[in-house]
Visitor: 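Quick one: this structure, given as structure tokens, is what I'll be asking you about.
Computed from heavy atoms alone, side chains included, the values below leave out hydrogens, waters and symmetry copies.
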Amino acid sequence: MAWLILFVAGICEIGWAVGLKYTEGFSRLVPSVLTAGAMIVSLVLLGIALKTLPVGTGYAVWTGIGAVGTAILGIILFGESMEPMRLASIGLIVAGIVGLKLATPG
């Protein structure tokens with residue numbers, strides 16, 4: 001269950017990271033409120049998951065999910081670079097997340 005909670009926390013991290021772009025420096029009310037809400041939910045869920053998972057693993061997976069998801073949405077939503085080296089680097093982060101999952105009981 002901790003892994004599922006951690007995954008949802010990572011999805012929320014993607015939401016707030018992408019949401020930051022839409023807040024325009026927290027000058028737009030609705031995107032700012034939604035972004036702040038996603039931040040809070042993400043951190044609360046991370047805290048719950050870390051009751052069971054090792055802190056290093058949990059934090060690395062949480063940030064990895066956020067980084068990969070945000071990079072992918074940056075490509076889709078904002079036309080960011082799809083340079084092969086960038087995509088390969090994203091793939092390495094995914095490999096790291098999978099490796100940590102496989103190496104951690106629970």
Visitor: Can you tell if the side chain of W3 reaches within under 4.5 Å of the side chain of V8, non-hydrogen atoms only?
Guide: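 Heavy-atom side-chain distance check fails, nothing below 4.5 Å.
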
Visitor: Which atoms form the tightest heavy-atom contact between I14 and T70, and what is the distance?
Guide: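 For I14 and T70, the tightest heavy-atom pair comes out as CA-OG1, 3.8 Å.
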
Visitor: Heavy-atom distance under 4.5 Å between the side chains of M1 and L4, does that happen here?
Guide: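 A side-chain contact under 4.5 Å exists here.
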
Visitor: Kindly indicate whether the side chain of E83, heavy atoms from C-beta on, has any atom under 4.5 Å from the side chain of L87.
Guide: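 Contact flag for E83/L87 side chains = no.
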
Visitor: For the atom pair CG (L73) and NZ (K21), what is the distance rounded to the nearest 0.5 Å?
Guide: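 Interatomic distance, L73 CG to K21 NZ, rounded to 0.5 Å: 13.0 Å.
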
Visitor: Taking all non-hydrogen atoms of both residues, which atom of L6 and which atom of G58 are closest, and how far apart?
Guide: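 That closest heavy-atom pairing would be CD1-O, 3.6 Å.
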
Visitor: Is V18 close to F78 at the side-chain level, that is, under 4.5 Å between some pair of heavy atoms?
Guide: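 Yes, their side chains come closer than 4.5 Å.
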
Visitor: If you compare all heavy atoms of I90 against all heavy atoms of A71, which two are closest, and at what distance to 0.1 Å?
Guide: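 In terms of heavy atoms, the two residues are closest at CD1-CB, 3.6 Å.
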
Visitor: Got a second to check how far I97's CD1 is from L92's CG, nearest 0.5 Å?
Guide: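 Atom-to-atom, I97:CD1 and L92:CG are 11.5 Å apart.
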
Visitor: Which heavy atom in Y59 sits nearest to a heavy atom in L50, and how many Å separate them?
Guide: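 Where Y59 meets L50 most closely, the heavy atoms are N-CD2, 4.3 Å.
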
Visitor: Where do S81 and I75 come nearest, in terms of heavy atoms and distance?
Guide: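 For S81 and I75, the tightest heavy-atom pair comes out as O-CG1, 3.6 Å.
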
Visitor: Could you see if I65 belongs to whatever hydrophobic cluster contains I72? Use Ile, Leu, Val, Met, Phe, Trp, Tyr and a side-chain cutoff under 4.5 Å.
Guide: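 Yes: a chain of side-chain contacts under 4.5 Å links I65 to I72.
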
Visitor: Which pair of non-hydrogen atoms, one from A2 and one from T52, has the smallest distance, and what is that distance?
Guide: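 The pair with the smallest heavy-atom distance is CB-CB, 3.9 Å.
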
Visitor: Is any side-chain heavy atom of F7 closer than 4.5 Å to a side-chain heavy atom of L45?
Guide: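 Counting from C-beta outward, F7 and L45 never come under 4.5 Å.
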
Visitor: Do I11 and I76 share a hydrophobic cluster (ILVMFWY, side-chain heavy atoms under 4.5 Å, transitive)?
Guide: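 Shared cluster, yes.
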
Visitor: Using 0.5 Å steps for rounding, measure from the CD1 atom of I48 to the CG atom of L53.
Guide: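 These two atoms lie 12.0 Å from each other.
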
Visitor: If only atom types and distance count, is the side chain of S27 paired as donor or acceptor with the main-chain N or O of E24 below 3.5 Å?
Guide: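 Present.
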
Visitor: A side-chain contact here means heavy atoms from C-beta on lying under 4.5 Å apart; do M39 and L20 qualify?
Guide: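 Sidechains of L20 and M39: in contact.
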
Visitor: Are I40 and W16 packed together at the side-chain level, in the sense that at least one heavy-atom pair is separated by less than 4.5 angstrom?
Guide: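 A side-chain contact is absent here, since even the closest heavy-atom pair is not under 4.5 Å.
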
Visitor: Could you check whether any side-chain N or O of S42 sits under 3.5 Å from a backbone N or O of A9, counting only pairs where one atom can act as donor and the other as acceptor?
Guide: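 Yes; at least one donor-acceptor contact below 3.5 Å.
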
Visitor: V61, V55: one ILVMFWY side-chain cluster at the under-4.5 Å cut-off?
Guide: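 Yes, it is one cluster - the side chains of V61 and V55 are joined through contacts under 4.5 Å.
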
